[in-house]
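Note on naming: letters A, B, ... go to the chains in the order of the sequence lines (proteins, then strands), and numbering restarts at 1 for each one.
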Protein chains: 2
Amino acid sequence: MTDQPVPTTAAGEATTARGEQTRQLILETAMRLFRERGYARTTMRAIAQEAGVAVGNAYYYFGSKERLIQEFYNRTQREHLAAARPVLDRESDFAARLAGVLHAAIDVLTPSHDFAASFFKVAAEPSSPLSPFSPESAGPRQASIDLFAEVLTGSTAKVDPELRPHLPELLWLAYMGTVLYWVYDRSPGQARTRTLINGAVPLIDRLVTLSRLRVLRPVTRQIIDLVRALRH
Amino acid sequence: MTDQPVPTTAAGEATTARGEQTRQLILETAMRLFRERGYARTTMRAIAQEAGVAVGNAYYYFGSKERLIQEFYNRTQREHLAAARPVLDRESDFAARLAGVLHAAIDVLTPSHDFAASFFKVAAEPSSPLSPFSPESAGPRQASIDLFAEVLTGSTAKVDPELRPHLPELLWLAYMGTVLYWVYDRSPGQARTRTLINGAVPLIDRLVTLSRLRVLRPVTRQIIDLVRALRH
DNA sequence: GTCGATATTTGAACACGTTCAAGTTGGGGG
DNA sequence: CCCCCAACTTGAACGTGTTCAAATATCGAC
């Protein structure tokens with residue numbers, strides 16, 4: 001009853017210099033073709049041919065076509081962390097930090113918008129290791145959550161102490177929502193996503209501030225309880 | 001640069017009694033096999049063989065394997081509307097109505113959880129006509145939003161008049177989020193999703209009520225402005 | 001009843017992702 | 001210098017979704 005034949009086995013890391021070189025060659029070729037033609041229209045045969053290797057060789061390093069996407073995912077994540085760094089070093093205002101980190105993510109993603117949609121389709125599969133909620137993604141996911149923890153800790157924001165430990169994960173969730181919106185965003189240059197960020201960040205900022213208000217305490221508590229109940 | 005070769009042409013509706021019968025036969029067979037073996041492991045050849053027709057015949061009525069999923073989608077949607085009806089006729093409390101409608105959706109979906117994941121993968125593709133945000137889904141989407149409008153209008157809830165016109169769509173969005181959670185929910189019987197509904201509904205109810213409060217007016221206004229800005 | 005048009009049905013052929021048994025290569029130990 | 005083994009490379013073959021030209025069935029007009 002389980003679906004989707006399990007993606008083939010493990011790593012595929014090169015162990016020699018020659019191998020590493022081939023691996024990189026295939027990867028670069030694939031990324032170029034994905035960008036040029038889109039994911040679906042790039043065949044494994046085409047990648048192999050353009051890279052000047054046999055199709056089986058591509059499978060030696062990347063167990064499947066999806067694995068190539070995994071590589072894109074990792075690369076993007078690293079670039080995001082790097083792009084967010086200057087913002088975190090510069091700003092101390094919570095809203096500015098959050099907006100900066102979110103805009104940085106979209107900056108990094110923008111050149112790949114067209115084929116990122118295909119990437120998204122694969123990641124959406126709940127059983128896929130590429131899903132942001134999968135155990136296999138635990139590493140990158142935690143790195144991402146840590147980033148939002150830093151958004152918070154480095155800021156001057158005053159937060160309800162009960163809410164604080166949960167906030168990084170909630171911000172990460174908002175980040176996922178933003179990316180989701182971006183994937184579906186058909187406006188030129190994904191301008192709508194920028195609007196979303198610019199509108200949502202002050203809103204989040206205000207809500208976080210208000211969470212300490214007496215009238216809202218019960219609501220805050222209610223949210224925290226829900227998060228706790230869902231986390232196990 | 002556009003991805004995914006466009007799904008083949010239009011309808012495929014039968015125009016004769018004979019055709020309609022064949023169409024139904026193929027559809028029932030497909031649904032049975034999907035449930036028995038999962039989506040990925042059910043081949044078009046198997047469907048055709050079990051239904052006793054040629055593989056090309058299945059393609060005559062359903063332009064692609066994904067189209068068969070479309071049919072599942074429509075069917076589920078109809079069942080949801082039907083399952084929600086008694087609740088709406090019975091309850092007048094906003095929270096009870098909302099919880100009832102959401103639980104009804106999960107009730108309808110539960111038997112298909114295993115293969116609904118595959119369905120979801122397809123629907124996630126932004127360019128797919130099955131995406132809940134696609135123009136092709138406008139009909140079913142509106143029907144769904146109307147359902148949440150009825151959740152509201154039939155209730156005794158007092159809502160900020162500025163917020164009210166936007167609330168059905170926001171509730172629909174929350175519904176989409178719930179389904180998203182359900183798809184990824186691996187807990188036995190998707191019990192976690194029930195927890196989510198039972199926790200989120202009172203929260204939403206309270207927030208809706210609080211939206212009329214003086215301190216929260218600016219926040220409410222801010223949300224409305226954002227929704228407006230994103231809607232065009 | 002016969003004919004033509006339209007609806008339906010067929011299955012071989014194609015393109016693509018993936019597998020795998022059979023090579024080839026390169027370098028470290030003798 | 002040669003041998004051996006693991007690392008790497010190859011491409012034919014398989015299963016699958018999809019297409020399409022050709023065959024067949026149905027029905028209303030005459």
Side-chain angles (χ1 to χ4, degrees), chain A residues 3-27 29-30 33-34 37-70 118-119 121-122 125 128 130, chain B residues 3-27 29-30 33-34 37-70 118-119 121-122 125 128 130:
Chain A
D3 221 68
Q4 295 298 92
V6 193
T8 47
T9 66
E13 292 297 314
T15 62
T16 71
R18 172 171 61 125
E20 184 52 32
Q21 198 174 334
T22 307
R23 198 188 125 90
Q24 283 305 318
L25 175 60
I26 293 169
L27 185 53
T29 308
L33 292 184
F34 284 165
R37 318 178 180 176
Y39 180 72
R41 286 214 281 253
T42 302
T43 68
M44 291 300 280
R45 283 169 180 79
I47 294 172
Q49 185 171 4
E50 288 269 315
V53 301
V55 64
N57 204 0
Y59 279 93
Y60 180 76
Y61 291 105
F62 306 92
S64 71
K65 198 179 172 189
E66 296 193 359
R67 284 295 175 89
L68 286 163
I69 285 188
Q70 170 90 278
S118 320
F119 155 71
K121 172 185 180 172
V122 173
E125 174 91 38
S128 163
L130 272 75
Chain B
D3 221 67
Q4 295 297 89
V6 193
T8 48
T9 66
E13 291 298 316
T15 61
T16 71
R18 171 171 63 124
E20 183 52 31
Q21 198 175 334
T22 307
R23 199 188 124 90
Q24 282 306 317
L25 174 62
I26 294 169
L27 185 53
T29 307
L33 292 184
F34 284 166
R37 318 178 179 177
Y39 180 72
R41 285 213 281 252
T42 302
T43 69
M44 290 301 280
R45 283 169 181 78
I47 294 172
Q49 185 171 2
E50 288 269 316
V53 301
V55 63
N57 203 1
Y59 277 93
Y60 179 76
Y61 291 105
F62 306 92
S64 71
K65 197 179 173 188
E66 297 193 357
R67 284 297 173 89
L68 286 163
I69 285 188
Q70 170 90 277
S118 319
F119 155 71
K121 172 185 180 171
V122 172
E125 175 90 39
S128 163
L130 272 73

Listed nucleotide nearest any side-chain atom of A/Ser64, set D/dT18, C/dT9, C/dT18: C/dT18
Provide, to the nearest angstrom, the distance between the CE atom belonging to B/Met44 and the P atom belonging to C/dA13. 20 Å
Walking DNA chain C from its 5' end, the first of B/Val55 and B/Thr16 to be reached, judged by nearest nucleotide, is B/Thr16
With respect to the side chain of B/Lys65, which nucleotide from C/dT19, D/dT18, D/dC8 is positioned closest? D/dT18
Let me know, please, whether B/Tyr59 or B/Gly56 comes out on the 5' side of the other along DNA chain D by nearest nucleotide. B/Tyr59
Round to the nearest Å and state the distance from B/Leu25 atom CG to C/dT9 atom C1'. 13 Å
Indicate, yes or no, whether a donor-acceptor pair under 3.5 Å links the base of D/dG15 to the side chain of B/Arg45. no
Please report the distance, rounded to the nearest Å, between CG in A/Leu33 and P in C/dC16. 13 Å
With side chain to side chain contact (heavy atoms under 4.5 Å, CB included) as the test, pick out the partner of A/Tyr61 among A/Leu27, A/Leu25, A/Leu68, A/Thr22. A/Thr22
Residue B/Asn57, side-chain heavy atoms: nucleotide from C/dT9, D/dT10, D/dT9 that is nearest: C/dT9
Mark yes when over 12 heavy atoms from residues, nucleotides or ligands other than A/Gln21 sit less than 6.0 Å from its CD; otherwise mark no. no
So which nucleotide from C/dT18, D/dC8, D/dT18 ends up closest to the side chain of A/Tyr61? D/dC8
Rounded to the nearest angstrom, tell me the gap between atom CZ in B/Phe62 and atom C1' in C/dT8. 14 Å
Here the distance between atom C1' of D/dG15 and atom CD of B/Gln49, to the nearest Å, is 14 Å
Atom of B/Met44, atom of B/Ala58 and distance for their closest heavy-atom approach: CE-CB, 4.2 Å
Distance below 4.0 Å between A/Tyr60 side-chain N/O and D/dC8 OP1 or OP2: yes
Would you kindly give the OH-to-P distance between B/Tyr39 and D/dT16, to the nearest whole Å? 14 Å
Would you kindly compare A/Arg18 and B/Glu20 by the position of their nearest DNA chain C nucleotide and give the one closer to the 5′ end? B/Glu20
If you compare all heavy atoms of A/Arg37 against all heavy atoms of A/Ala46, which two are closest, and at what distance to 0.1 Å? NH1-CB, 3.6 Å
When we call it a touch if two heavy atoms are under 4.0 Å apart, what does B/Gly19 touch: a base, just sugar-phosphate, or nothing? sugar-phosphate
Does B/Gln49 CD have over 12 foreign heavy atoms under 6.0 Å away? no
